[in-house]
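Here is the structure we will look at, set down as structure tokens.
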Amino acid sequence: MNQATTAAAPVAGEATGDSARPLESARASPMMAQYLSIKAAYPDCLLFYRMGDFYELFFADAEIASRALGIVLTKRGKHEGEDIPMCGVPIERADDYLHRLIAKGHRVAVCEQLEDPAEAKKRGGKSVVKRDVVRLVTPGTITEERLLEPGRANILLAVQRGRPSEARVVYGLAALDISTGAFSLGESDEAGLGPEIARIEPSEIVAPQALFDDPAFARLVGETGIAATPLTREALDAASAARLVEDFYGVDTLEGFGAFGRAEIAAAALALGYLKRTQIDALPRLERPVRRARGAGLEIDAATRANLELTRTLAGERAGSLIATIDLTATPAGARLIAERLASPLTDPAAIDERLDAVAFLVEAPPLRDALRTALAATPDFLRSLARLAVDRGGPRDLAALRDGLAASARIGATLIATRDLPPALARCRDRLAADEGALARDLAATLADELPLMKRDGGFVRAGALPALDEARRLRDESRRVVAETQARYADETGTRQLKIKHNNFLGYYIETPQAQGEALLKAPMSATFIHRQTMAGAMRFTTNALIDLEARIASAADQALALELDAFERLRLQATAERETLRGFGAALAEIDVAAALAELATKRSWSRPRVDDSLAFAIEDGRHPVVEAALAARGEPFVANSCDLSGALDDGGRLALVTGPNMAGKSTFLRQNALIAVLAQMGAFVPAKRAHIGIVDRLFSRVGAADDLARGRSTFMVEMVETAAILNQATRRSLVILDEIGRGTATFDGLSIAFACVEHLNAVNRSRALFATHFHELTQLALTLPRLFNLTMRVSEWKGALVFLHEVMPGAADRSYGIQVAKLAGLPPAVIKRARAVLAELEATRRAGAALSSLDALPLFTYEPPPPPGPDRLREALANLDPDALTPRQAQATLYELKRLAQEEKP
């Protein structure tokens, strides 16, 4: 298999390198001339050129695809005297290959045959089948089920920069998911653009080329690693942008959609224009855009999301992340909604309480919760099926998904109708599910068969008995011999001639043959009115009838007729479903919301999570909190998690409290910091939390500086990355923010690091006044608790037993007196000689500090008086064991030997 390579998608509308070479065509064959003409219109895409049952790629496209897909590169004819590189993929496996190409950053133009090859032949022997590009496949415009992650939204994000005002630059953001029809708009300032992109987590970002020419924006997008497409010639004035959106929705004004800013409308127009470019004539049906108000969600920047491992671990895996731990949803739509809520926790206490009411209601109603989850588990992802049907890319199984989704909606709606005193969120879901879609549900159930093919062109998806004309066509197609035999028997009865036979040949087709004596009777009235004489043979006569001629024609076209009837039925149901798309989307949204509430209730019940109290105060009081991911991992191994409390509560006019957390590495400081941040996120997304009790005042922004990593691509050291992230926190955190900082200043010289950490603590206390947790190994900082009233000390409890360090993972008031670094190094397996030397150096340094002496020169440092350890002598313990004969020892001798071995072992300890 060839080594796959990754190529970045070039700017739309610009040809690059070898891709442009064959476009200088001359004297090409008709087929190749057609290919080159189509390719010239899409130079920035790989062209999937349909030829029969394959998509073929030529020239540079073939070379790129061959490397990326690991498929054989071959040749087809010559062009300008050179062999034409070619490779191809079969139609039935095209989705798999598309997925791999899109994942590698390529864009693909799909060129289909627009007519039957037989039609082309009618125009002449050298005529080429009409072909054209029907769509562009890009990361943000995928609709195929096999290319999408079921539990993840596939969002295209369009970004437009508004006109700079006196105070700030405004960016308009348009986020749409064509796989479900969701469409939202919003605004951001320059500082909030990164966090917004991180929250949306799009699959593709589009923006005008002029915006990508801004180094700051290009760097921001580049750091995300998300596929980005610069667009040329997309600048629209405000009126033109509004008109494009109005035309898409068929309205005269956007006033009925809400109050959108100019930048938002410009972003919406950019997104819709890109859809028109990529989807050609199959434009998706999008919901009306919903405006996301600024400040409606807890703002979390990209670094904090990564540090807290909300959706991916630091290794990039979903397993081990918070979403993987809490996602107990039963449907793909529910999985997407819970991920959306985790990405965008609320800042409105009333809205949060409404979500918590729904979860609490289902916690207290296990039979109802179980019934809902059982019904939801049988619900397919019919919203994505509806989106595919709307652009005519769906198949019979998409119709079946609608059928099963409607059935599940009816069952769940009936269950909720029978339930009294529903909380508001569940009551709204019940009301949505009460909408009448009985006609569509009945038609789908009555028409679709139980076993369905993937593609509609395969036929066989209409239930027997649903369409009499189809049943007849199938009978003719599948049982033509029996139909002919029945016709023969009927004619034999009518004529009284048992020797009458219906036969077939290529000249006459179907004909009736009788002995000559009986045939003479058929030439006379009244039989002559039915039977038409064709031939007279020696001893036999041949006839036909109008009915037999018609039967022959129907048998010959039965297969085509049967497929045509099925396709007509499919189209009727497809149009019927898309006409009801708003109601169906309402069903899907209601089921997803019910699924999330039931899943969070199941999570709370299984793991003993409690309902948090969320309000507008600056409270942050958590009793016996746990880290949800670590606790789940320990529980899987049968080990308990040590719960810890945390109280950072403050007054609105003064700000929150700041806790300095000290203690050795491996004692659990980072886990303690992270668990409190995660509890805040869970509470504001509307979930129960892993704590005995929790009272949280709304957090507007969450900042986390935990862990260390360098950024070699940008020439940044670990310390530089740390300082950049810390600067963002100190410049943006407010009194309502929650700040998590871990070991600031450790990446530089000791006194530099201590000074920076000292100044950061003072700034957090005096300026930001945020609720904050600050973990550090600089024990000198703990003295600040004596002078700063908002600051207090916490430490991780440890114990030493027989020279070994025992981590208790308990948080207690106070400060650590040392860091136990050497003990941790010993646990890590450093050589005994290194541990012994480190202890000696530490003892000398501590003695120097206690004496108040200054190390005035390098020679005074014990580090520079290092003497290598002597070569190891004989291993007396092993020698004693080797010389031991247990069978020759008396009980008294065995006891004495054990004491001697223990003495030898203690002597050899470092």
Side-chain angles (χ1 to χ4, degrees), residues 307 620-627 630-631 634 640-650 656-680 690-692 704-708 738-746 750 753-754 756-762 764-765 770-801 803-828 842 845-846 849-850:
N307 290 333
F620 195 90
I622 296 172
E623 182 179 347
D624 291 345
R626 291 109 61 195
H627 191 296
V630 177
E631 182 184 35
L634 290 174
F641 183 93
V642 179
N644 285 295
S645 300
C646 179
D647 192 346
L648 305 175
S649 302
R657 300 173 73 202
L658 191 160
L660 279 176
V661 186
T662 54
N665 290 315
M666 299 295 295
K669 295 194 303 297
S670 293
T671 297
F672 177 67
L673 266 60
R674 283 185 171 100
Q675 76 185 36
N676 288 291
L678 295 181
I679 287 172
K692 185 176 180 180
S704 172
R705 167 57 239 175
V706 181
L738 176 63
V739 175
I740 306 296
L741 290 169
D742 191 6
E743 300 185 29
I744 296 301
R746 62 183 169 182
T750 301
L754 174 58
I756 292 170
F758 199 101
C760 288
V761 171
E762 287 186 326
L764 279 171
N765 176 77
S770 307
R771 291 160 289 183
L773 288 165
F774 194 110
T776 184
H777 282 291
F778 297 128
H779 298 150
E780 295 84 350
L781 296 180
T782 60
Q783 298 302 310
L784 287 170
L786 301 177
T787 58
L788 302 180
R790 294 180 51 253
L791 186 146
F792 65 102
N793 292 320
L794 295 174
T795 187
M796 307 303 300
R797 188 179 170 204
V798 297
S799 176
E800 286 189 272
W801 186 74
L805 190 63
V806 179
F807 300 119
L808 301 177
H809 303 295
E810 294 179 9
V811 178
M812 57 187 294
D817 56 353
R818 54 193 175 122
S819 293
Y820 300 94
I822 293 178
Q823 289 88 336
V824 174
K826 181 181 177 182
L827 291 174
L842 177 62
L845 286 171
E846 288 177 340
R849 175 176 292 182
R850 283 194 298 271

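Checked against side chain to side chain donor-acceptor pair (under 3.5 Å), T782 has no partners two or more places apart in sequence or in another chain. Partners of E810 by side chain to side chain donor-acceptor pair (under 3.5 Å), not counting sequence neighbours, listed by chain and number: R797. Here E762 pairs with nothing under the salt bridge (Lys or Arg N to Asp or Glu O under 4.0 Å) rule; sequence neighbours left out. D624 is linked by a side chain to side chain donor-acceptor pair (under 3.5 Å) to nothing, counting only residues two or more places apart in sequence or in another chain. Residues that satisfy the side chain to side chain donor-acceptor pair (under 3.5 Å) test with N793, not counting sequence neighbours, are absent from this structure. Partners of R626 by salt bridge (Lys or Arg N to Asp or Glu O under 4.0 Å), not counting sequence neighbours, listed by chain and number: E631.
Atom CD of E743 and atom OG1 of T776 lie 7.0 Å apart (nearest 0.5 Å). Annotation: the span from L781 atom CG to F774 atom CZ amounts to 6.0 Å, rounded to 0.5 Å. Note that CD1 of I622 and CD1 of I679 are 4.0 Å apart. Values are rounded to the nearest 0.5 Å. To the nearest 0.5 angstrom, L773 atom CG is 7.5 Å from L794 atom CG. Of the inter-residue distances, the one linking N307 atom CG with R674 atom CZ reads 6.5 Å to the nearest 0.5 angstrom. To the nearest 0.5 Å, the span separating CZ on F758 from CD on Q783 amounts to 9.5 Å.
Nearest heavy-atom pair, D647 versus F792, reported as atom, atom and distance to 0.1 Å: O-CZ, 3.4 Å. When all heavy atoms of L634 and P640 are compared, the closest pair comes out as CD1-O, 3.6 Å.
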- Please assess V811 against M796 for the test side-chain contact (heavy atoms from CB on, under 4.5 Å), listing each intermediate value before the final yes or no. CA-CA 5 Å; V811 178; M796 307 303 300; 3.6 Å; yes
